[in-house]
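The shown structure was predicted, so the numbers you read here are calculated from the model rather than taken from an experiment. The chains referred to below are lettered A, B, ... by the order of the sequence lines, with proteins before strands, and numbering in each begins at 1.
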There are 2 protein chains.
Amino acid sequence: MNSYTEENYLKALFNLANETGEVNVNELSKWLEIKMPTVTSMMKKLAEKKLVHYESYKPLRLTEKGKKEAGLVIRKHRLTEMFLVNKMNFGWEDVHDIAEQIEHIQSPVFFEKMDELLGYPKIDPHGSPIPDSNGKMIWKVYEKLSDCKVGETVKLLAVINTSSNFLKFLNSRELQLGLKIKIKSIEAFDKSMVVSYSKRQNESLSQLVTERLLVEKDK
Amino acid sequence: MNSYTEENYLKALFNLANETGEVNVNELSKWLEIKMPTVTSMMKKLAEKKLVHYESYKPLRLTEKGKKEAGLVIRKHRLTEMFLVNKMNFGWEDVHDIAEQIEHIQSPVFFEKMDELLGYPKIDPHGSPIPDSNGKMIWKVYEKLSDCKVGETVKLLAVINTSSNFLKFLNSRELQLGLKIKIKSIEAFDKSMVVSYSKRQNESLSQLVTERLLVEKDK
DNA sequence: ATATTTTGTTAGTCTAATCTAACATTATAT
DNA sequence: ATATAATGTTAGATTAGACTAACAAAATAT
Ligand SMILES: [Mn+2]
Ligand SMILES: [Mn+2]
Ligand SMILES: [Mn+2]
Ligand SMILES: [Mn+2]
């Protein structure tokens with residue numbers, strides 16, 4: 001079994017991995033707010049456990065085993081978030097910190113029950129995919145709203161940033177997943193967009209917002 | 001804030017306290033399966049935090065503050081058990097170990113939500129009272145089934161032992177809280193009882209069982 | 001009353017996970 | 001090409017929570 005702490009490192013390694021699966025000690029250190037020497041020594045420990053490929057001064061990489069175990073922690077996190085939103089009436093802006101703790105509960109049946117009660121969901125409340133029970137995650141390829149063109153109508157399917165502040169902002173504009181959004185105009189100067197959706201006909205969204213909204217072209 | 005470990009010590013002190021509120025180091029040590037020197041040093045730490053009255057070689061006693069904080073941990077434990085049974089379809093024999101972990105989640109709103117969804121329950125799935133949000137627990141005075149007399153009809157309201165094995169035994173006899181039980185006879189030799197309840201007319205229960213069932217005389 | 005057993009404390013060690021200070025390597029800028 | 005900055009490692013210290021061994025006090029038995 002991996003400790004609470006080890007599980008958090010695995011998750012971070014998985015989430016920070018670039019296209020080639022690499023993570024630098026420094027990034028990981030900053031992300032976890034844990035000093036580099038501590039990270040180095042944990043990486044050696046995870047390497048002992050065959051969860052991480054570690055070589056001095058080289059970027060870090062999860063092993064297949066490491067990826068699987070990380071995937072399973074992320075699965076527990078996302079199932080929990082879904083459960084908190086769908087079964088306990090939490091807002092999507094309030095679930096991350098609780099899930100950050102509950103993901104470490106040691107009880108397979110507890111998460112199986114969540115999964116069952118939720119009807120085996122494939123995505124979490126923020127549109128992120130929930131890894132299957134082997135830790136495998138299937139990433140859908142979405143487009144950023146900021147990359148769409150005037151006149152297009154798209155469906156909002158996920159958010160990139162899941163900070164409470166950003167999600168509260170989306171709440172205040174009644175922006176939620178599943179919504180159809182039409183792009184009415186784009187300001188050349190700052191790339192801000194004027195869009196319409198549901199009852200809102202002239203919402204202006206800054207680029208900071210539009211590049212954090214993941215959409216699919218409406219077919 | 002108290003640590004995960006401290007919370008478990010507080011809960012144990014509360015549960016092991018005798019009529020005068022005292023607990024011996026040795027008892028606590030055996031209960032927690034932690035060696036006495038470790039317990040002694042933790043007691044000194046909790047005394048520093050004004051949670052325990054500690055004097056060398058004297059029995060341990062929670063302070064008022066300690067009782068309150070212990071009560072709040074027990075509240076979280078019992079709310080969790082109730083949630084697992086009523087909202088997640090777990091059996092009463094399967095919830096203790098999960099609650100033992102979830103009771104340490106740091107998120108007041110998480111437990112408030114449970115409480116709300118459950119409709120502010122006063123007892124847990126085993127009939128134990130749930131302390132209020134100030135940590136205050138109100139003990140109802142129940143009678144042991146083993147202390148009742150032939151001919152009496154009683155209502156099953158709580159179980160003393162909550163081990164999975166005992167609860168599974170009760171399941172196998174369809175014995176559940178709320179049931180009306182009539183005492184048909186008591187065997188003088190071994191104090192075993194023949195009782196009837198629901199569709200069962202001639203169930204024999206050993207004294208080991210009857211002294212673990214808490215009942216109220218039917219009025 | 002004294003010996004024995006049980007209970008409790010002290011002192012010192014260990015492991016997991018953190019830190020700082022100092023040093024080493026790699027990357028970047030001039 | 002070399003100096004400087006950024007990144008990474010090593011060594012050693014710290015804290016929480018556990019342990020064992022040895023000793024001390026209290027309770028119990030003879
Ligand atoms: Mn999250
Ligand atoms: Mn976490
Ligand atoms: Mn319990
Ligand atoms: Mn616990």
Side-chain angles (χ1 to χ4, degrees), chain A residues 1-14 16-18 20-62 66 69-70 73 100-101 103-106, chain B residues 1-14 16-18 20-62 66 69-70 73 100-101 103-106:
Chain A
M1 252 322 86
N2 302 313
S3 71
Y4 191 109
T5 308
E6 289 168 338
E7 286 193 334
N8 282 335
Y9 276 93
L10 289 172
K11 202 154 56 89
L13 281 163
F14 193 108
L16 293 176
N18 62 17
T20 61
E22 294 178 340
V23 182
N24 299 317
V25 174
N26 193 251
E27 292 172 71
L28 187 51
S29 164
K30 282 177 176 148
W31 177 254
L32 293 172
E33 297 179 87
I34 286 172
K35 296 287 184 291
M36 282 202 287
T38 308
V39 171
T40 296
S41 78
M42 179 58 84
M43 289 309 105
K44 288 177 172 174
K45 189 176 157 201
L46 293 181
E48 274 299 313
K49 296 178 78 172
K50 305 289 181 202
L51 294 165
V52 167
H53 293 293
Y54 176 79
E55 288 180 86
S56 285
Y57 297 104
K58 297 253 176 77
L60 307 165
R61 237 164 7 90
L62 284 172
E69 305 207 358
V73 182
E100 200 57 54
Q101 300 176 62
E103 67 191 1
H104 306 292
I105 298 291
Q106 307 232 326
Chain B
M1 251 323 86
N2 302 313
S3 71
Y4 192 109
T5 308
E6 289 168 337
E7 286 192 334
N8 282 336
Y9 276 94
L10 289 172
K11 203 155 56 86
L13 281 163
F14 194 107
L16 293 177
N18 62 17
T20 61
E22 295 178 340
V23 182
N24 298 318
V25 174
N26 193 254
E27 291 173 71
L28 187 52
S29 164
K30 281 176 178 150
W31 177 253
L32 293 172
E33 297 180 87
I34 286 172
K35 296 288 185 290
M36 281 203 286
T38 309
V39 170
T40 296
S41 80
M42 180 57 85
M43 290 308 105
K44 288 178 172 173
K45 190 175 157 203
L46 293 181
E48 273 300 311
K49 295 178 81 173
K50 305 289 181 200
L51 294 166
V52 167
H53 294 294
Y54 175 78
E55 285 180 87
S56 284
Y57 298 102
K58 296 254 177 77
L60 307 164
R61 237 162 7 89
L62 285 171
E69 306 208 358
V73 182
E100 201 56 55
Q101 299 176 63
E103 67 191 2
H104 306 292
I105 297 292
Q106 308 232 326

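When each of B:Q106, B:E69, B:E7 is checked for a side-chain hydrogen bond (donor to acceptor under 3.5 Å, both in side chains) with B:N2, only B:E69 meets the rule.
D:dA16 atom P lies 14 Å from atom OH of B:Y9, rounded to whole Å. Summarising the geometry, the separation between CG on A:N2 and C1' on C:dA16 is reported as 14 Å, rounded to the nearest angstrom. When the P atom of C:dA16 is taken as reference, atom CD of A:E7 falls 16 Å away, rounded to whole Å. Distance, A:I34 CD1 to C:dC19 P: 6 Å, rounded to whole Å. A:L28 places its CG atom 15 Å from the C1' atom of D:dT9, with the value rounded to the nearest Å. Regarding A:K35, its NZ atom lies at a distance of 18 Å from the C1' atom of D:dT10, rounded to whole Å.
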Show each protein N/O and nucleotides 6-8 of chain C N/O combination with a separation under 3.5 Å, one pair to a line.
residue: C:dG8; atom: OP2; partner: B:N26; partner atom: N; Å: 2.5

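Annotation: A:K58, atom NZ; neighbour count of heavy atoms from other residues, nucleotides and ligands within 6.0 Å does not exceed 12.
Residue-level contact check: A:Y4 touches neither bases nor backbone, having no heavy atom under 4.0 Å from any strand. Among the atoms of the strands shown, base atoms are found under 4.0 Å from some heavy atom of A:T38.
When atom types are taken as modelled, the side chain of B:N24 and the backbone of B:E27 share no donor-acceptor pair closer than 3.5 angstrom.
When all heavy atoms are compared, the tightest approach of B:T5 to B:M42 is CG2-CE, 3.8 Å. Nearest heavy atom pair, residue A:A12 against residue A:L28, reads CB-CD1, 3.6 Å.
For A:T5, the side-chain atoms get nearest to C:dT18 when compared with the rest of C:dT20, D:dA18, C:dT18.
Under the 4.0 Å criterion applied to side-chain N and carboxylate O atoms, A:E100 and A:K11 are assigned as salt-bridge partners.
Across the interface with DNA chain C, nearest-nucleotide mapping of A:P37 and A:S3 shows A:S3 to be the residue nearer the 5′ end.
Phosphate contact (OP1/OP2 of C:dT10, side-chain N/O of B:K44, threshold under 4.0 Å): present.
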